[in-house]
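Naming: A, B, ... by sequence-line order, numbering from 1 per chain.
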Protein chains: 2
Amino acid sequence: MASARRPTMTDVAREVGVTAKTVSRVLNEEGPVAPETRARVMEVVRRLGYQPNLMARNMRVGARDAAIGLVIPDMGNPFFGTVAGGIESAVRERGLTVIVGSSSETKELERSLVATFLARRVSALLVVPSATGDHRYLRAEREAGLPIVFLDRPAMGLAADCVVSSNREGAREGTAHLIAHGHRRIGFIGDLPATLYTRRERFQGYRDALAQAGLPFDKGLVETGHSAEAAAAAAERLLALPDPPTALFAANNFAATGAVVGLAKAGRKDVALVGYDDLPLAEVLDPPLTVVAQDPAGIGAAAAALVLSRLDGDRSRITKTLVPTRLIPRGSGELRPR
Amino acid sequence: MASARRPTMTDVAREVGVTAKTVSRVLNEEGPVAPETRARVMEVVRRLGYQPNLMARNMRVGARDAAIGLVIPDMGNPFFGTVAGGIESAVRERGLTVIVGSSSETKELERSLVATFLARRVSALLVVPSATGDHRYLRAEREAGLPIVFLDRPAMGLAADCVVSSNREGAREGTAHLIAHGHRRIGFIGDLPATLYTRRERFQGYRDALAQAGLPFDKGLVETGHSAEAAAAAAERLLALPDPPTALFAANNFAATGAVVGLAKAGRKDVALVGYDDLPLAEVLDPPLTVVAQDPAGIGAAAAALVLSRLDGDRSRITKTLVPTRLIPRGSGELRPR
DNA sequence: GTGAAAGCGCTAACAA
DNA sequence: TTGTTAGCGCTTTCAC
């Protein structure tokens with residue numbers, strides 16, 4: 001039972017007593033074919049279990065692979081999973097499949113994935129850039145007309161389409177919400193590395209809110225942690241400060257999870273908290289978690305729509321799409337300082 | 001700036017003044033090539049930005065596509081996302097890429113995804129079967145030697161490798177845990193459709209535990225809901241029963257989330273709860289959520305290992321791998337009935 | 001309505 | 001050490 005050879009179009013043709021080209025015509029519903037010929041072809045196709053070879057077809061047609069390559073940092077992160085789902089369902093109806101790889105947030109892996117995708121001649125590239133990458137190496141591809149869209153974060157050193165959350169405005173709104181409830185010392189727990197685009201933008205939003213309210217910025221209130229565990233420890237450190245914050249702004253889903261855990265461990269139900277990115281159990285926490293909700297499926301859908309229009313020949317200017325966020329007050333953000 | 005033609009191996013060869021075959025030899029590090037020729041080839045490759053065309057290579061080599069097709073029900077579900085991540089990292093070092101599609105739990109979509117993958121001549125197929133599917137249509141492929149592994153749920157009507165969680169034993173253990181804490185009326189909230197493999201297995205485990213303890217089975221305590229919202233409503237219905245349960249077993253992550261929400265809405269902190277599948281915030285809930293934790297990355301890794309060994313020619317008998325679960329007592333499962 | 005020949009980009013099997 | 005020829009499975013082009 002060693003891998004049996006799959007039947008080819010020629011096999012089908014021989015069996016029917018016609019030429020490969022005729023079979024091709026039937027299968028692609030192209031040009032005139034006698035109804036009875038068509039029927040006989042279909043019958044043999046079924047009997048032999050013939051499956052057209054897409055690789056061969058694409059090659060001959062000179063078409064690119066009917067796939068789009070997607071690079072995300074981490075599949076297990078539901079944020080990126082949902083983004084990927086949004087993309088997949090949007091492009092599927094166009095007959096495109098999605099090839100994914102995860103970069104684990106390293107530029108080396110990202111680049112090797114991109115190289116694999118390019119070698120496969122994918123029709124388009126969708127990339128969540130890794131934190132420290134540089135994307136000048138994609139310039140030639142872009143100029144050759146390959147649609148490339150960056151997601152969640154813009155490219156570095158390359159002018160290209162991108163679709164991102166309204167990070168800065170969302171973070172500003174979340175922080176302003178805390179300020180509106182009387183807080184003057186607000187801790188910030190951000191992602192790692194601190195140079196990460198989303199981290200920087202959200203940090204700017206945080207500072208915008210402070211500035212708008214005329215509040216001083218205290219570097220000592222800024223903490224960092226990439227995992228929930230690290231964020232929990234960060235929250236505990238902030239609370240242990242001599243002059244601790246009365247509220248926390250957690251700038252991503254892991255940070256929010258960690259902050260909740262950290263507050264719980266410290267037994268502090270009096271500290272206000274706003275998270276960036278919603279969590280499934282947010283409403284049943286004690287207190288229920290106030291968040292700045294992102295729209296991951298919307299980000300995926302927007303990126304997919306952009307890629308499809310580029311594939312359709314849209315040569316208009318490069319765009320930067322901001323997908324809006326939404327503040328959802330649930331309780332934890334409305335606590336007032338003691 | 002219409003899609004410029006990518007340089008081919010022949011373009012490189014002409015530029016260097018050699019034959020395509022020589023370039024091929026350099027790029028594949030195959031056979032003897034004069035060092036200076038190699039250097040010149042590499043230089044031109046770089047200058048032209050040449051990218052080998054994998055489609056053409058695979059076709060000529062008669063090799064299948066260096067990709068494995070993965071069908072999952074839903075990318076946004078972190079359970080499947082983590083499974084996918086486990087697979088991807090395991091196969092990447094073998095130079096394989098993962099092509100994913102989501103079936104949305106429908107057999108039609110699953111089948112069309114599988115057809116796409118087969119047309120692409122993927123090297124192997126990894127499928128989380130949709131709830132109601134029938135997989136006899138894959139028999140020919142299996143017999144032709146294509147490695148096919150089913151995940152999370154076994155195939156229907158087809159003898160094939162599969163990797164699943166130890167659903168029945170895990171559910172038995174979770175339920176027995178509740179019984180050990182004095183509960184005699186335990187509600188079951190399961191997935192939809194009720195014919196779903198994991199739902200049936202976990203339900204069996206639930207009944208096993210009851211039987212072992214000599215407790216009666218009450219059909220009225222069995223509820224269903226696919227989403228967290230539906231599960232929350234189910235929990236509320238159960239609690240509103242004339243003779244309500246004192247404990248709940250929620251048979252998947254959405255059910256567990258929903259049960260937590262439902263109990264919170266009803267203001268019931270006295271009802272014991274055990275969830276199947278862990279949740280990120282389980283430990284900070286009030287009370288902290290006791291779960292039967294699955295090992296999604298382990299499931300992915302096991303499936304990947306199996307596929308790789310099949311690709312390496314392992315023709316031994318079909319296997320069914322059970323990935324163990326682990327009971328994590330945190331509080332909600334240890335509440336005693338009033 | 002159907003077929004014959006050529007070729008997509010690459011490599012296997014030879015030969016030189 | 002390098003080149004030549006042929007062909008993977010399909011579609012294009014043109015002929016019948």
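Rounded to a whole Å, the CD atom of B:E29 is 13 Å from the P atom of C:dT11. Rounded to whole Å, the distance from CE on A:M59 to P on D:dG7 is 15 Å. What separates CG of A:N58 from P of D:dT11 is a distance of 10 Å, to the nearest Å. Rounded to a whole Å, the CZ atom of A:R120 is 16 Å from the C1' atom of C:dG9. Rounded to whole angstrom, the span from the CZ atom of B:R121 across to the C1' atom of D:dC10 amounts to 11 Å. In this structure, A:M55 atom CE and D:dC10 atom C1' are separated by 12 Å, rounded to whole Å. Rounded to whole Å, the distance from CD on A:E30 to C1' on D:dC14 is 14 Å. Rounded to a whole Å, the CG atom of A:L54 is 11 Å from the C1' atom of D:dC10.
Among C:dC10, C:dA4, D:dG9, the nucleotide with an atom closest to any side-chain atom of B:T8 is C:dC10. Between D:dG9, C:dT2, D:dT2, one nucleotide has an atom nearer to the side chain of B:A34 than all others, and that is D:dT2. Side chain of B:K21, nearest nucleotide from C:dA13, C:dG9, C:dG3: C:dA13. For B:N53, the listed nucleotide lying nearest its side chain is C:dC10; candidates were C:dG3, C:dC10, D:dC10. You'll find that the side chain of B:T19 is closest to D:dT4, out of D:dT4, C:dA6, C:dG9.
Where B:P32 and B:A56 each meet DNA chain D at their nearest nucleotide, the meeting point lying more 5' is that of B:P32.
Taking only side-chain nitrogens and oxygens, B:N28 comes nearer than 4.0 Å to OP1 or OP2 of C:dT11. Within the structure, a side-chain polar atom (N or O) of A:T22 is placed less than 4.0 Å from OP1 or OP2 of C:dG3. Distances shown here put every side-chain N or O of A:Y50 at or beyond 4.0 Å from the OP1 or OP2 atom of D:dG9. Checking the phosphate oxygens (OP1, OP2) of D:dC10, no side-chain nitrogen or oxygen of A:S24 falls inside 4.0 Å.
A donor-acceptor contact under 3.5 Å is not formed by the side chain of B:R57 with the base of C:dG9. No N or O donor and acceptor, one from the side chain of B:R6 and one from the base of C:dG9, sit under 3.5 Å apart. For C:dG7, the base has a donor-acceptor partner in the side chain of A:R60 [N/O atoms by modelled type, under 3.5 angstrom].
When side chains are defined from C-beta on, A:R40 counts as touching A:V16, because their heavy atoms get closer than 4.5 Å. The side-chain heavy atoms of A:F117 and B:L54, taken from C-beta on, include no pair separated by under 4.5 Å. A heavy-atom distance below 4.5 Å is found between the side chains of A:V98 and A:L70.
Between A:E105 and A:R153 there is a salt bridge, since at least one side-chain N of the basic residue sits less than 4.0 Å from a carboxylate O of the acidic one. The residues A:R142 and A:D161 are annotated as not salt-bridged, no charged nitrogen and carboxylate oxygen being separated by less than 4.0 angstrom.
Relative to the six-membered ring of A:Y137, A:R111 meets both conditions, a distance below 6.0 Å and an angle of at most 45° to the axis.
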